[in-house]
2 protein chains.
Amino acid sequence: MVRVRMADVAARAGVSTATVSMVLSGGKGKRISPETQQRVREAAEAVGYRTNSVARSLRTQQTRMVGLISDTIASTPYAGRMLAGANDVAREQGHLVVLVDTERDVEAERLALHALTGQQVDALIYACMWHRVVEVPSGLPEDAVLLDCAPATGARAAVVPDERAGGAAAVRELVAAGHRRIAFLDAEERFGLVASRLRYEGYLQVLAEAGIEPDPALHVRAEPVAGGGREAAGRLLDLSAERRPTAMFCFNDRMAMGAYAAAHRRELSIPDDLSIVGYDDQQLIAAELDPPLTTIALPHYEMGRWAMEVALGVRQADPAVPHLMPCPIIRRASVGPPPAQFGD
Amino acid sequence: MVRVRMADVAARAGVSTATVSMVLSGGKGKRISPETQQRVREAAEAVGYRTNSVARSLRTQQTRMVGLISDTIASTPYAGRMLAGANDVAREQGHLVVLVDTERDVEAERLALHALTGQQVDALIYACMWHRVVEVPSGLPEDAVLLDCAPATGARAAVVPDERAGGAAAVRELVAAGHRRIAFLDAEERFGLVASRLRYEGYLQVLAEAGIEPDPALHVRAEPVAGGGREAAGRLLDLSAERRPTAMFCFNDRMAMGAYAAAHRRELSIPDDLSIVGYDDQQLIAAELDPPLTTIALPHYEMGRWAMEVALGVRQADPAVPHLMPCPIIRRASVGPPPAQFGD
DNA sequence: CCGGCTCGTTTAATCGATTAACTGGAGGTT
DNA sequence: AACCTCCAGTTAATCGATTAAACGAGCCGG
């Protein structure tokens, strides 16, 4: 590939490189006569000139690149939406995203940080692929933005889903449908999920608002996968009629998928006999269950956007406290009124 | 952030920048005395020097960055595995990945190409998030690698899944279990899926090998989602006993999920009454169905690796024909022998 | 004692664009 | 006529590293 330099354009247009630069890099500074501009542009077009951003970056000290360090691109299907949000904003702002996946390896993280700062990126985003509290790696610049994680110590611009409000919305949906015996199929504590505690808080809050005494027997824990959900839902459905829940709020859509299986196995129909709300709005699951699952969406795309907007200075952020991104409820068909014998 | 230049290190070590450069950029060319090397390294460490790769890139004409243009990061959960494969190789080779998502917009594609070539990336990968034939965008360098797509015209290094072999493996698994009436739940033609045709070819090939006359009634098409699978599977299961299939090969795991639902609704047990094989090994679906789904995995990670290896010259590729990456079968629990009355 | 050879290091050109400072000439003012 | 002001563009320094070529000191052989 032949590289065309600015000098080549200048020569062809019969002007200096300075003139070419001024014409091509927008109308700042001195004004160049329209004829000359025209001539330069034609020359550039003719020789197929493309400005070399490495050289420009060296001179201007900005690369129009943003580093995105993430712990794992691979293992979750959420990643895409978050990247998409970040990427969209980057493009809108004329920036490129440089992606590094550290696979949760501290050494890899250090190297990535070196590589990116060496690369003179204009901004940095540190992303987790599921909501958690992180020890900020040393060497992470002050103005880096945390995406889907909150700093264990210190103040940093950060954005996380508003899990508490999401949990509340889920339960509120069930309360509104008339349910009073609402179970929470939670993740086991050993997974140490921030989301687990917060969604539970939302659950309790709405029960309190509705004047429903929480029944500890309805807060069950299992592994947050389909199998765990099936097993936990099974236990609940095998309770005596008066103790059995008429609705379940599941920690995630996979558990909800398991709850569907448990209900079907017992010939219970959703939502006639049992209402279910999930969490995550997992692509290819939630919408495809039968009936489609009412669930709370994680705002990955929006968080990705937010982080990139803050990183590029398009939006201000208060570093003192993580920004809470709302988790909208996605109403589908898994919630209905409780069965008649439980109605009012 | 104070920027430390090589000159600062040189000053502190009492040598020239040339010496610092030679010490720091590996032991090529002239040899520097061990004492000086030591001194330089200490100085660099002391002032916290980090080489400015923009400057280096300008001089050496290589950026150690690889551009990855993809049509949609967002809409599929596969993307992650492909990125992960590419990213891993890039890291092994000391390169960074610059990601651009064009969202299938031709204009965005053109801009991305400009941005990346302007950025002087050392290599380019053009990725699709599902297997298809693409019109290679004009301006894509000759040595760019195509990932999960084949060029409509011209010869390019490219890698795609071996769908035909995958389809064959799926059907062979069923034949081996003793099935003779094997349905193919295909995607509708209007989606124009390359994979559809190839998997069907694999299906036919294995039937032929096994001496089974293909029954056109067992090749049904539907929308390739759970609902389509449910409906198509339902139609097949409602056939008379002697026409009904004992096994189904589904175009993808979502359709398989629908087939499960159809079977359950008819009180058929998997795999006792019906065997099912899917395709994609979709995370969070295949393994979580009950029983876990036997399926064919799309080798996204491996294709990502392959593309990056070719892009970086670690591996040679024949541009004349796309490289076919094997799709391994993932055996779980949805395949068994046909029901007794159909056995031999 | 001098030319030649190593060895370790420095000098200086270079990559390609940006931009502050300057220039030369047209036109205006007093 | 002398001086100022614009205008349209040029000159040259600069960003920070790499590297071919040059350099000087020490050593050896004749």
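The basis for the numbers below is simple: all heavy atoms, side chains too, and nothing from hydrogens, waters or symmetry mates. Here is the naming used below: chain letters follow the sequence lines, and residue numbers restart at 1 for every chain. The model shown is predicted, which means the values in this text are computed figures rather than measured ones.
With rounding to whole Å, B:Arg31 atom CZ is found 17 Å from C:dT10 atom P. We find that CZ of A:Arg50 is positioned 16 Å from C1' of C:dG16, with the value rounded to whole Å. For B:Ile32 and C:dC7, the CD1 to P distance is 13 Å, given to the nearest whole Å. Atom CG in B:Asp8 sits about 9 Å away from atom P in D:dG16, given to the nearest Å. Taking atom CE of residue B:Met22 and atom C1' of nucleotide C:dT10, one finds them 10 Å apart after rounding to whole Å. Atom CG of B:Leu24 is separated from atom P of D:dT19 by 13 Å (rounded to the nearest Å). Here the P atom of nucleotide D:dG16 and the CD atom of A:Gln62 are 14 Å apart, to the nearest Å. When the P atom of D:dA17 is taken as reference, atom CE of B:Met6 falls 5 Å away, rounded to whole Å.
The ring-ring contact (aromatic ring centres under 6.0 Å, His included) check on A:His323 picks up A:Trp306, with sequence neighbours excluded.
Enclosure of atom CD in A:Gln316 is not indicated, since only 12 or fewer non-hydrogen atoms of other residues, nucleotides or ligands lie within 6.0 angstrom.
Salt-bridge check for B:Glu107 with B:Arg110: passed, with a basic side-chain N closer than 4.0 Å to an acidic carboxylate O. Residues A:Glu309 and A:Arg305 are paired through a salt bridge, judged by an N-O separation under 4.0 Å between the basic side chain and the carboxylate.
The side-chain heavy atoms of A:Asp148 and A:Val159, taken from C-beta on, include no pair separated by under 4.5 Å.
Shortest non-hydrogen contact noted between A:Gln120 and A:Thr63 is O-OG1, 2.8 Å. Residues A:Gln119 and B:Val54 approach most closely at O-CG2, 3.8 Å, considering heavy atoms. For the residue pair A:Arg50 and B:Thr117, the shortest heavy atom distance occurs at CD-OG1, 3.8 Å.
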Using atom names, set out every protein N or O paired with an N or O of nucleotides 11-15 of chain D below 3.5 Å, distance rounded to 0.1 Å.
from   : atom 1 : to      : atom 2 : distance (Å)
D:dT14 : O2     : A:Arg59 : NE     : 3.4
D:dT14 : O2     : A:Arg59 : NH1    : 3.1
D:dC15 : O3'    : A:Gln61 : NE2    : 2.6
D:dC15 : O2     : A:Arg59 : N      : 3.4

So which protein N/O to nucleotides 25-28 of chain D N/O distances come out below 3.5 Å?
none

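Between B:Thr36 and C:dG8, a side-chain N or O to OP1/OP2 separation shorter than 4.0 Å is absent. Taking 4.0 angstrom as the limit, A:Ser53 places none of its side-chain polar atoms (N or O) nearer than this to OP1 or OP2 of C:dA17. Proximity of A:Arg56 to the phosphate of C:dG16: no side-chain N or O atom is located under 4.0 Å from OP1 or OP2. Here B:Ser25 does not reach the OP1 or OP2 of D:dA17: none of its side-chain N or O atoms lies under 4.0 Å away.
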Practice problem: Starting from the C-alpha separation in whole Å, work towards a yes-or-no answer on side-chain contact (heavy atoms from CB on, under 4.5 Å) for B:Leu146 and B:Leu140. | Solution: CA-CA 10 Å; B:Leu146 269 46; B:Leu140 192 73; 4.0 Å; yes
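Closest approach to the B:Val15 side chain among C:dT10, C:dA17, D:dG9 is made by C:dT10 (side chain taken as heavy atoms from C-beta onward). Across D:dG9, C:dC7, C:dA17, the shortest atom-to-atom separation from the side chain of A:Thr51 is found for C:dA17.
Side-chain contact of B:Asp71 with B:Tyr126: a donor-acceptor pair under 3.5 Å is absent, judged by distance alone.
As judged by a 4.0 angstrom heavy-atom cut-off over every strand, A:Ser33 is placed among residues touching the sugar-phosphate backbone only.
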